[in-house]
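Here the structure comes first, spelled out in structure tokens, and everything after it is commentary.
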2 protein chains.
Amino acid sequence: MKSLQDRLKEKGLRSSYQRIKILEYLEKNRTHPTVDAIYEALKEKLPSISKTTIYNTLKSFLETGLISDLTISGHEVMYDAETKPHSHFLCKSCGTVLDVVDIKCPHVRKEVDGNKVEEVHLYFKGLCKKCLPEGRKQ
Amino acid sequence: MKSLQDRLKEKGLRSSYQRIKILEYLEKNRTHPTVDAIYEALKEKLPSISKTTIYNTLKSFLETGLISDLTISGHEVMYDAETKPHSHFLCKSCGTVLDVVDIKCPHVRKEVDGNKVEEVHLYFKGLCKKCLPEGRKQ
DNA sequence: CCCTAACCTGTAATAATTACAATCATGAAA
DNA sequence: TTTCATGATTGTAATTATTACAGGTTAGGG
Ligand SMILES: [Mn+2]
Ligand SMILES: [Mn+2]
Ligand SMILES: [Zn+2]
Ligand SMILES: [Zn+2]
């Protein structure tokens with residue numbers, strides 16, 4: 001089991017208390033949190049942490065491929081410690097974003113129409129089972 | 001050829017000069033414009049138009065299924081007169097969003113993991129052919 | 001240890017979107 | 001046609017997400 005510190009080093013990132021805590025939070029909370037959610041959660045133990053630090057840190061994590069991000073909600077970016085390609089489901093009622101792992105996306109390709117593909121995102125939107133009216137469950 | 005006015009009526013929307021112009025703009029500009037792009041373009045002919053009207057109008061167009069939207073860029077919503085399911089490619093260099101029509105998404109399904117699916121979005125991100133360095137074209 | 005580049009923080013600026021209240025226009029009914 | 005209520009439009013203010021920036025702090029190589 002690689003330590004968080006080592007994972008930062010591997011990517012050429014300095015290790016800092018804030019970075020460790022942010023990465024740790026993402027590893028433990030696979031809920032696709034927003035910057036604000038991460039900030040609110042970390043503030044408890046780390047009252048001095050700045051939201052700018054969250055933004056900066058997530059940016060460097062993204063650039064080094066330590067994490068991935070999602071733009072499914074349309075009004076705020078969400079972050080994910082899972083970097084292997086997988087799909088997502090957004091509940092339009094409660095806002096929950098779930099991983100969809102059983103759908104293998106056949107679209108992992110290097111180009112479309114002559115354009116170079118670096119990322120593929122498959123998003124589903126609808127109503128999650130918890131928000132489906134009873135009796136209408138599928 | 002159905003008139004724009006009729007298409008509004010069909011959806012139970014009142015016809016107004018602003019709505020006609022906004023729908024017309026989207027029909028003629030299949031570039032996935034943002035609210036601001038629509039606003040800047042319409043302002044020429046319609047100097048009194050308000051950005052709030054654009055927001056309100058697009059919202060009602062979306063609710064009635066007259067148009068569709070995209071959250072591919074992560075920092076602003078884009079709008080599309082095309083409502084038939086299709087995929088998109090975002091160039092991370094120039095920001096252009098292109099339709100990807102040749103990829104049939106096999107994911108048009110009514111549920112995933114018991115959650116009811118209402119929309120499916122397939123996004124590709126990378127470098128468009130215009131932004132690819134010469135010699136590296138695919 | 002020292003030093004410097006890299007990092008963290010707080011605040012201010014920017015950008016996208018929503019809320020709201022006053023005015024105006026559509027279209028159904030008289 | 002004219003009337004009128006409802007719904008649409010507008011301008012402004014508020015909110016929210018994100019970025020810019022400057023000054024203080026710290027990690028880690030030498
Ligand atoms: Mn995920
Ligand atoms: Mn499109
Ligand atoms: Zn839900
Ligand atoms: Zn490009």
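What's counted below: heavy atoms across the whole structure, side chains too, no hydrogens, waters or symmetry copies. Since we're looking at a predicted model, the values are computed, not measured. Naming: A, B, ... by sequence-line order, numbering from 1 per chain.
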Nearest whole angstrom, please: distance from the [atom2] of [N] to the [atom1] of [X].
| X | N | atom1 | atom2 | value |
| --- | --- | --- | --- | --- |
| B:Lys59 | D:dA8 | NZ | C1' | 14 Å |
| B:Ile54 | D:dT10 | CD1 | P | 8 Å |
| A:Glu76 | D:dT18 | CD | P | 7 Å |
| B:Arg14 | D:dA8 | CZ | P | 6 Å |
| B:Glu40 | C:dA15 | CD | P | 12 Å |
| A:Asp69 | D:dT18 | CG | C1' | 14 Å |
| B:Leu8 | D:dA8 | CG | P | 11 Å |
| A:Glu63 | C:dC7 | CD | P | 11 Å |

Are any non-hydrogen side-chain atoms of A:Leu58 and A:Leu26 less than 4.5 angstrom apart?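 Counting from C-beta outward, A:Leu58 and A:Leu26 do come under 4.5 Å.
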
Pairwise side-chain contact, B:Thr71 with A:Lys125, heavy-atom cut-off 4.5 Å (strictly under):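 The answer is yes; the side chains approach within 4.5 Å.
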
Any side-chain N or O of [X] less than 4.0 Å from the OP1 or OP2 oxygen of [N]?
| X | N | value |
| --- | --- | --- |
| A:Thr52 | C:dC8 | no |
| B:Gln18 | D:dT10 | yes |
| B:Ser16 | D:dT9 | yes |
| A:Tyr55 | D:dT18 | yes |

Return the OH to CG distance between B:Tyr39 and B:Leu46, rounded to the nearest 0.5 Å.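 B:Tyr39 OH to B:Leu46 CG: 10.5 Å, rounded to 0.5 Å.
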
About how many Å separate CG of B:Asn29 and CD1 of B:Ile38, when rounded to the nearest 0.5 Å?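 Spacing of CD1 (B:Ile38) from CG (B:Asn29) equals 9.0 Å.
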
Looking at the side chain of B:Ser50, which of D:dG11, C:dT17, C:dT9 is the nearest nucleotide?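 Taking heavy atoms from C-beta onward, the closest nucleotide is D:dG11.
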
Look at the side chain of A:Arg19 and decide which nucleotide, out of C:dT9, C:dC8, D:dT10, has an atom nearest to it.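 It is C:dC8.
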
No-H, no-angle donor-acceptor pair, B:Thr53 side chain to D:dA8 base, under 3.5 Å: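 Answer is no: no donor-acceptor pair is held.
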
Students often get this wrong, so: under 4.0 angstrom with heavy atoms, is A:Thr34 touching a base, only sugar-phosphate, or nothing?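 The answer is nothing, as A:Thr34 stays clear of every strand by at least 4.0 Å.
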
Starting from the 5' end of DNA chain C, give me the residue, B:Val77 or A:Thr57, whose nearest nucleotide shows up first.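 The answer here is A:Thr57.
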
Residue whose closest nucleotide on DNA chain C lies nearer the 5' end, A:Asn56 versus B:Gln5: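 Of the two residues, A:Asn56 wins.
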
Using the six-membered ring wherever Trp is involved, compare the ring planes of B:His88 and B:Tyr123 and label them parallel, tilted or perpendicular (cut-offs 30° and 60°).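 B:His88 and B:Tyr123: tilted rings.
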
Tell me which of B:Gly12 and B:Gly74 sits closer to the 5' end of DNA chain D, going by the nucleotide each one is nearest to.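 Its nucleotide being nearer the 5' end, the pick is B:Gly12.
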
